[in-house]
Amino acid sequence: MYTAQVIDHFTNPRNTGQIPDADGVGTIGDPGCGDFVRIYLRVRANRIRDIAFEICGCPASIATTSVLTEMASGKSLDEAVAITEDDVVNALAGLPESKVHCSNLGTGALRQAIVDYLQRYKKKREVK
Ligand code: FES
């Protein structure tokens with residue numbers, strides 16, 4: 001049984017789509033079920049200015065990634081990378097036990113997008 005928050009985010013996911021010329025992109029898939037998430041970031045002054053995601057996944061993965069993008073928006077990179085799977089599940093007032101693993105996709109993709117941004121930023125500094 002899904003909570004009202006899960007149903008809300010699943011039926012009306014926030015921040016879907018792409019960010020053209022994103023500063024960081026992270027993609028992660030779950031080999032167990034074949035689902036995947038891709039997160040796009042625009043970063044300004046070390047903060048997440050814009051965030052968007054594409055997904056091929058189950059209702060729980062859509063809801064967890066949607067609420068994650070709301071939680072991460074406007075946060076510093078340090079704050080965003082510290083968002084845990086438990087934080088996401090709690091923001092949705094819980095998930096069925098068999099669906100808790102679905103929260104790994106969004107958080108994993110967000111961390112990869114932050115790493116991608118940092119690697120690009122480091123390369124730009126090396127070129128200068
Ligand atoms: Fe694959 Fe939910 S069952 S992410």
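Here, residue 1 is the first one in the sequence, and each next residue gets the next number. Atoms within each ligand, like the ligands themselves, are counted from 1 in listed order.
Ordered by chain and number, C58 SG, C102 SG make up the set of protein N, O or S atoms under 2.8 Å of atom 2 (Fe) of ligand 1.
Note on residues 18-33: pairs passing salt bridge (charged side-chain N to carboxylate O under 4.0 Å, His left out), not counting sequence neighbours, are D23-R44. Residue pairs meeting the salt bridge (charged side-chain N to carboxylate O under 4.0 Å, His left out) criterion with at least one partner in residues 53-81, sequence neighbours excluded, are R14-E70, R38-E54, R47-E79. The stretch residues 84-98 participates, sequence neighbours left out, in these side chain to side chain donor-acceptor pair (under 3.5 Å) pairs: T84-D87, E85-T107, E85-R111.
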Give the intermediate values and the outcome of side-chain contact (heavy atoms from CB on, under 4.5 Å) for residues L105 and T64.
CA-CA 8 Å; L105 285 182; T64 52; over 6 Å; no

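Y2 OH: more than 12 foreign heavy atoms inside a 6.0 Å radius.
The closest side-chain heavy-atom distance from L41 to L110 is below 4.5 Å.
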